[in-house]
J.: 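I'd like to ask you about the structure that follows.
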Amino acid sequence: MTALWDLFLMAAFVDNMPLTLFLGLCTFLALSKRPEAAFGLGIAMICVLGVTVPLNNLIYQGLLAPGAWSWAGLPDLDLSYLSLIAFIGVIAASVQVLELLLDRFLPSIHTAFGVFLPLLTVQCAILAGSLFMVERSYTFVESAVFGLGSGFGFAVAVAMLAAIRSRLAYADLPAGLRGLGIAFVLAGLMSLGFASFAQMAAAQ
Amino acid sequence: MAAQLNVWRTLTDPLIRQNPVTLQILGICSALAVTTTLATALTMSISLTVVLTLAAGVISMIRRHIPDTIRLIVQIVIVASLVIVIDQILRAYFAEISRALSVYVGLITTNCLVLGRTESYARHHAPIPAMVDALGNGLGYSLILIVIGGLRELFGKGALFGTQVFPLAETGGWFTPLSLMLLAPSAFFLLGLLVWAVRSFWSEQVEAPEHTPPLRVEPAE
């Protein structure tokens, strides 16, 4: 149990998706101007990562991994090169299903972050979650924890950045630094802060 | 003549004036992650430019046959197939760099830059202009990656392409490596400063000041 909790904390803070691994930066920067939008994006990320990473884990273990077809008399078949296409397909489909389910059962949540859900199909952080799962060969439970953890880390980071940026909207910045420039500098400062989590993990 | 000029502009505009990374916020994810050394930055630039150009060509060729409702899926599948080819080539011939790039080659599939260009340009233009536009954007992306990768490797290790440029203090030289340059925050700072520098020279790129929080949501990815 503590191992899983450690994995959750590691995925959320030490290997924070946008700030230490630079994943999903496009949405991270584009949707962090208003705190409400950022919050919606964060929740959507938790849901989608929490669903797609374990789902892709099942697909990878059952169909794509080397030796997965040995029950059918094909022990040498290695389909892992197909994992990119399979993962993208799973992600696109599960985003669609999630959208339909939310629309049917929780319409208020659906209207809150409905705009961001389709965008998440082509979000690098989501695909990266699945690719890391393969690279680090997580089990099914571990991959679910890892997905939820990295989604949580993303949500925290984007909410914090949005809060800072909304305060900075009234600041008098140099013209060239307005908007994107200062967002990068802010992300850099936050990333420095998150680097201290890595130190704590190393000290343990 | 006018047509030639047009092609030239399509190719050179994305280098600085319409640069995909510094102006359009496209494709930043991979741009920052792979720039700890110049060699990985260069490999990533070449892979992305090749994938982008080929994908734009293919999608532009079949643009009249893709139903509008499923075009995103079609585009993603085309891009993903090209990325798989590149990934396998890198694994076969450049195993070391491929390991350093880790998952980021696979992530070209969801690079906003690729989908952004195929969606906004290749879908409406003939193959040749589409490929020229893709090549221009690929080069604009590469330019940023190489500048940042070069700076980070030069100041983080005192080296370029793995050969020592500045003599290190440990071996009797004068240069003490700035290890911060190899960590994540410096990539953000460098790109922020680069954006600032570019926008100071080309002032038409400066964003309007926001005295009220904007209601507009920019299209992402």
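Protein chains get the first letters and strands the later ones, always in sequence-line order, with residue 1 at the start of each. Heavy-atom basis, side chains included; hydrogens, waters and symmetry copies ignored.
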J.: For the CD1 atom of B:Ile108 and the CG atom of A:Leu127, what is their distance to the nearest 0.5 Å?
T.: 11.5 Å
J.: With a 4.5 angstrom heavy-atom cut-off, is it the side chain or the backbone of A:Phe132 that approaches chain B, or both, or neither?
T.: both
J.: By the definition side chain to side chain contact (heavy atoms under 4.5 Å, CB included), identify the one residue from A:Leu186, A:Leu25, A:Leu192 that meets it with B:Phe188.
T.: A:Leu25
J.: On a heavy-atom basis, which atom in B:Tyr104 and which in A:Leu21 lie closest, and how many Å separate them?
T.: OH-O, 2.6 Å
J.: Could you tell me which portion of B:Ala187 (side chain, backbone, both or neither) has an atom closer than 4.5 angstrom to a non-hydrogen atom of chain A?
T.: side chain
J.: Looking at chain B, which one of A:Thr20, A:Ile88, A:Ile182 has the largest number of heavy-atom pairs inside 4.5 Å, strictly under?
T.: A:Ile88
J.: Provide the full list of side-chain hydrogen bond (donor to acceptor under 3.5 Å, both in side chains) pairs with a residue in residues 81-90 of chain B, sequence neighbours left out, each pair given once.
T.: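 Every pair satisfying side-chain hydrogen bond (donor to acceptor under 3.5 Å, both in side chains) with a residue in residues 81-90 of chain B: B:Asp87-B:Arg91.
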J.: Select all residues of residues 145-159 of chain A having any heavy atom within less than 4.5 Å of some heavy atom of chain B, and report them by number, or 'none'.
T.: none
J.: Mind listing the closest non-hydrogen atom pair of A:Val185 and B:Phe189 along with its distance?
T.: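 Closest heavy-atom pair between A:Val185 and B:Phe189: O-CE2, 3.4 Å.
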J.: Hey, what do you get for OG1 (B:Thr109) to CZ (A:Phe87), rounding to the nearest 0.5 Å?
T.: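 That separation rounds to 11.5 Å.
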J.: For B:Phe155, does the CZ atom have more than 12 heavy-atom neighbours from other residues, nucleotides or ligands under 6.0 Å away?
T.: no
J.: Hey, could you give me the CD1/CD1 distance between B:Ile76 and A:Ile85, rounded to the nearest 0.5 Å?
T.: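 Spacing of CD1 (B:Ile76) from CD1 (A:Ile85) equals 10.5 Å.
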J.: Got A:Leu23 and B:Leu107 here, is their nearest side-chain heavy-atom distance under 4.5 Å?
T.: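 They are in contact (side-chain heavy atoms under 4.5 Å apart), so the answer is yes.
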J.: What part of A:Ala92 lies closer than 4.5 angstrom to a heavy atom of chain B: side chain, backbone, both or neither?
T.: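 The side chain, not the backbone.
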